[in-house]
Amino acid sequence: MSSKDTEHRFSIRGGNPLSGTVRISGAKNAVLPAMAASLLTQEDCLLENVPRIADIEIMADVLRALGASVEWRGHSSLWLNAANVRTVVAPSELVVRNRASFLVMGPLLGRFGEAASCPPGGDVIGQRPIDVHLAGFRALGADLSRREDKYWAQAKELHGARIFMDYPSNMGTENLLMAAVLARGRTVIKNAAAEPEVCCLAALLNDMGARITGAGTNTIEVEGVPALHGASHTLIPDRIEAGTFALAAAITGGDVTVEAVNSDHLDSLLWKLVEAGVEVTPGDGTLRVRAAGPLSATNVQALPYPGFATDLQSAMGTLLTQARGVSVLYERVYDNRLLYVSELRKLGAEIVVAGQTAIISGPTALVGTGVRALDIRSGAALVLAGLAASGTTEVADVWHLERGYEHIETKLHKLGAHIRRIGGGKE
Ligand code: EPU
């Protein structure tokens with residue numbers, strides 16, 4: 001990232017109801033593990049519906065540093081081949097740049113019996129330990145040690161095991177699945193994450209010859225196989241991007257049809273939108289969201305799937321500033337994901353934070369001013385606030401958003417938003 005990129009800001013003139021259709025990209029958090037899964041075979045893998053966002057490029061560079069080949073084929077197809085992996089040590093300078101890089105540990109350990117990585121970086125949203133990943137690798141027969149900045153996992157042969165995850169971690173489940181697919185015998189993972197992204201990875205691994213059942217429930221079983229082969233796989237739509245546009249429609253009093261979406265993945269959000277007084281109409285791969293009148297306060301708890309997605313908590317909190325009454329928002333996944341509230345307050349939001357709970361009084365008239373994106377999702381929330389505010393809002397550090405949202409300003413612009421990029425030499 002150049003210093004110019006860090007200088008980019010979005011200038012948003014709010015007050016315009018969004019209308020029209022928007023097409024959702026492939027899911028960032030499904031693509032990242034799928035890319036790591038390509039390390040499990042010498043054969044070609046082709047991933048379809050891959051968004052062009054910064055986190056994908058970081059993962060591609062991690063895989064290249066290990067010796068794999070990664071190339072774009074067309075706008076959203078990514079070809080990967082890991083026949084010539086030359087090291088099992090993930091490059092620290094890249095791993096510290098996002099959390100998902102740690103997903104190379106499971107497949108490297110599974111295929112080569114050895115893997116090393118420093119603790120991963122990622123957004124500042126609370127404690128993000130990796131103890132669940134490490135405990136699972138140990139249960140599968142790996143020795144774990146810490147050398148310099150890295151965790152090393154080594155095993156002569158991985159064997160199936162019964163694993164209970166202390167927390168249903170997404171990436172933890174994904175890493176363990178990728179380690180277990182080539183282990184000898186049967187692995188049972190209890191208290192597994194049930195997120196659609198985990199199901200998407202299991203489906204890809206099964207396409208590659210793995211034998212996984214139960215993905216999408218909290219008990220996943222894996223019957224180890226001797227080798228995996230290449231596969232071609234289409235990734236699921238990004239439910240967080242879809243939810244963000246649904247909330248953008250609602251907060252601007254708009255009428256937006258979200259296309260290429262799987263509404264089943266958004267039940268917890270749609271339930272809350274209806275409770276708040278928004279009209280939602282799921283169709284075949286589409287979702288129409290229409291503001292039907294004034295919004296009402298509601299309570300929300302961010303929980304593991306199928307609970308309300310923590311990645312939509314900040315955007316939902318922003319919507320609730322426009323709802324009549326007092327809403328209570330509990331963040332139960334991360335211990336520090338309400339930092340964006342102090343930015344929202346600069347626009348006039350009335351929110352009290354106590355621990356991991358935000359008490360939001362509304363509706364408040366938001367007034368544009370300068371704010372800063374702190375991570376991907378707080379950035380999206382601030383863009384939504386800017387769309388609802390009177391006057392002009394400038395959101396700084398938009399590179400955070402670009403890690404997770406493909407062409408967000410173009411997509412919003414098409415829906416009628418007054419948003420433009422400034423700074424970074426492009427003003
Ligand atoms: N946790 C542990 N031990 C572990 C791992 C996690 O206690 O070993 C705890 C964390 O401290 C946290 C909770 O589990 O409180 C949730 O973490 P999880 O491991 O499920 O998150 P993750 O797999 O690291 C993925 C997404 C996040 C998303 C979370 C929760 C990817 C690459 N990232 O992270 O996405 O917030 O699941 O749904 O899949 C984002 O896209 O903006 C983002 C942060």
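All ligand and atom numbering here is 1-based and tracks the order in the structure. None of the values given here were measured: they were computed from a predicted structure.
In this structure, Ser77 contributes its side chain and Gly74 its backbone to no donor-acceptor pair below 3.5 Å. Checked by atom type and distance alone, the side chain of Asn218 never pairs as donor or acceptor with a backbone atom of Ala192 at under 3.5 Å.
Put simply, the side chain of Gln42 reaches to within 4.5 Å of the side chain of Arg111, judged on heavy atoms.
Residues satisfying the side chain to side chain donor-acceptor pair (under 3.5 Å) criterion with Glu406, sequence neighbours excluded, are Ser25, His75.
At least one heavy atom of Lys28 sits closer than 4.0 Å to an atom of ligand 1.
Which of Pro129, Gly172, Ala27 comes nearest to atom 5 (C) of ligand 1 through a heavy atom is settled by distance: it is Pro129. Nearest-residue assignment for atom 39 (O) of ligand 1 (options Ile240, Asn29, Asp131; heavy-atom criterion): Asn29. Remark: among candidates Tyr334, Phe102, Tyr167, Tyr305, the nearest residue to atom 21 (O) of ligand 1 is Tyr334, based on non-hydrogen atoms. Of all the listed residues (Asn170, Leu134, Ile376), Asn170 holds the heavy atom that lies closest to atom 30 (C) of ligand 1.
Taking any N or O of Ser169, backbone or side chain, at least one lies under 3.5 Å from an N or O belonging to ligand 1. Taking any N or O of Thr310, backbone or side chain, none lies under 3.5 Å from an N or O belonging to ligand 1. Between Ala100 and ligand 1, not a single N/O pair is under 3.5 Å apart.
Neither the backbone nor the side chain of Glu174 comes within contact range of ligand 1; no heavy atom lies under 4.0 Å. Both the backbone and the side chain of Met171 come within 4.0 Å of ligand 1, counting heavy atoms alone. Within the 4.0 Å heavy-atom criterion, the part of Ile130 lying near ligand 1 is the backbone and not the side chain.
Remark: Arg146 is not positioned above the aromatic ring of Trp152, lacking an NZ or CZ atom under 6.0 angstrom from the ring centre and at most 45 degrees off the axis.
Listed by number with element, the atoms of ligand 1 under 4.0 angstrom from any heavy atom of Arg99 are 24 (O). Ligand 1 places these atoms under 4.0 Å from at least one heavy atom of Arg337: 36 (O), 42 (O), 44 (C). For ligand 1, the atoms sitting less than 4.0 Å from at least one non-hydrogen atom of Val132 are 3 (N), 4 (C), 8 (O), numbered in the order shown with element in parentheses.
Between the side chains of Lys150 and Ser92, at least one donor N or O lies within less than 3.5 Å of an accepting N or O. Between the side chains of His400 and Asp375, no donor-acceptor pair of N or O atoms lies under 3.5 Å.
To the nearest 0.5 Å, atoms SG (Cys45) and CG (Leu47) are separated by 6.5 Å.
Every pair passing salt bridge (charged side-chain N to carboxylate O under 4.0 Å, His left out) that includes a residue from residues 209-223 is listed here, sequence neighbours excluded: Arg186-Glu221, Arg186-Glu223.
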